[in-house]
Amino acid sequence: MRLRHKPWAEEFLQAHPEIVISNPESLKGKWDTEFSNTNPLHIEVGTGKGQFVVGMAKQNPHINYIGIESYDSVIVSALENALEAQPLPNLRLLKVNGVHLENYFAKNDVDRVYLNFSDPWPKIRHAKRRLTHEGFLKIYESVLVDQEEIHFKTDNRGLFEYSLTSMSAYGMLIKDVSLDLHANMPEDNIMTEYEEKFSAKGQPIYRVEAKFL
Ligand code: SAM
């Protein structure tokens, strides 16, 4: 994703504490208090401009969603999308790096992790940055309820193959694999920005659901 410096971004994010969480450490183990309910919590790591997480929150009002994105200049677009979709009491955004999830979520806080069109980091020396690297799987497992799942979509065949290998080497159950999601588009599929872009170019979309055992 091309990053443009947006000097106004920090102030804009701070102006919307009802959506952008400013004190995530203090909510570790008590996200129910933030949402004022005990509904399941699903997070998307690498939410980008937020089309997926906003769409999911609209579609599933009884699930709480948090979109996590490390860049101010990107998450501001997710905030704009979220503001347009208001009221959406089951959606929050978090501007942090996913590598630090354990600072903000306790074991059993999270019921599902979504990864969509994650950066492929094709060079071997950058493998640890891939969001399906063993190091990240360990982090997700440490915040998820036992036996819960990661749902992953990508257009990148290399990253997809790597991710299947990484998840299965970790001991996860590979439940549901699609090599062309749009050939049999699930009715409830919410497209991400990247999904729209790549599928418009005719690229197949790969998807997997994988469960921690
Ligand atoms: N999920 C969106 C979509 O499908 O349209 C965005 C995809 S974009 C290729 C990947 C996004 O993940 C970027 O916005 C990037 O900043 C974010 N990202 C990558 N690594 C991350 C990390 N460790 N923590 C949080 N966000 C991350």
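As the structure lists them, so they are numbered: ligands from 1, and atoms in each ligand from 1.
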#### Entry: Distance-only side-chain donor-acceptor flag, Asn189 / Glu195, under 3.5 Å
yes
### Query
Does Trp31 have its ring centroid less than 6.0 Å away from the ring centroid of Tyr104?
no
### Option of least heavy-atom distance to atom 20 (N) of ligand 1 (set: Asp119, Leu101, Asp155)
Asp119
### Query
Taking atom types as modelled and ignoring hydrogens, do the side chains of Gln51 and Asn81 form a donor-acceptor contact shorter than 3.5 angstrom?
no
### Query
Is there at least one pair of N or O atoms, one from Glu69 and one from ligand 1, spaced under 3.5 Å apart?
yes
### Task
Output yes when the distance from some N or O of ligand 1 to some N or O of Tyr194 is under 3.5 Å, and no in every other case.
yes
### Task
Report the C-alpha separation of Lys197 and Glu193 in whole Å, then their side-chain angles, then the decisive distance to 0.1 Å, and conclude whether the salt bridge (charged side-chain N to carboxylate O under 4.0 Å, His left out) test is met.
CA-CA 6 Å; Lys197 190 166 93 180; Glu193 279 90 355; over 6 Å; no
### Message
With nothing but distance in play, are any N or O atoms of Gly46 less than 3.5 Å from an N or O of ligand 1?
### Response
yes
### Query
Short list, please: which atoms of ligand 1 are under 4.0 Å from a heavy atom of Thr192?
3 (C), 4 (O), 5 (O)
### Message
If we set the cut-off at 4.0 Å for heavy atoms, which region of Thr47 has an atom near ligand 1: side chain, backbone, both, or neither?
### Response
backbone
#### Entry: Ligand-side contact atoms (ligand 1) for residue partner Glu193, heavy atom cut-off under 4.0 Å
5 (O)
#### Entry: Aromatic plane relationship, His42 with Tyr65 - under 30° parallel, 30 to 60° tilted, over 60° perpendicular
perpendicular
### Query
Going by the atom numbers of ligand 1, which of them fall below 4.0 Å from some non-hydrogen atom of Phe117?
4 (O), 7 (C), 8 (S), 9 (C), 10 (C)
### Query
Gly48 heavy atoms, cut-off 4.0 Å: which ligand 1 atoms fall inside?
6 (C), 14 (O)
### Message
For Glu44, which part has a heavy atom under 4.0 Å from ligand 1: side chain, backbone, both, or neither?
### Response
side chain
### Numbered atoms and elements of ligand 1 in range of Asn116, under 4.0 angstrom, heavy atoms
1 (N), 2 (C), 4 (O), 7 (C)
## Note on the structure
The atoms of ligand 1 lying under 4.0 Å from a heavy atom of Val96, numbered in the order shown, are 25 (C)
### Task
For Glu161 and Tyr206, test the side chains for any donor-to-acceptor distance below 3.5 angstrom and give the result as yes or no.
no
### Query
Leu131 near ligand 1, heavy-atom distance under 4.0 Å?
yes
#### Entry: Polar contact flag for Gly98 and ligand 1 (N/O pairs, less than 3.5 Å)
yes
### Query
Checking side chain to side chain contact (heavy atoms under 4.5 Å, CB included) against Val113, which of Phe152, Tyr140, Phe212 comes through?
Tyr140
### Query
How many angstroms lie between atom CD of Glu34 and atom CD1 of Ile21, to the nearest 0.5 angstrom?
3.5 Å
### Query
Side-chain heavy atoms under 4.5 angstrom apart, residues restricted to Ile, Leu, Val, Met, Phe, Trp, Tyr: same cluster for Phe160 and Tyr170?
yes
#### Entry: Contact partition for Tyr71 relative to ligand 1, non-hydrogen atoms under 4.0 Å
side chain
### Task
Kindly work out whether a path of hydrophobic side-chain contacts (I/L/V/M/F/W/Y, heavy atoms less than 4.5 Å apart) joins Leu144 to Ile174.
yes
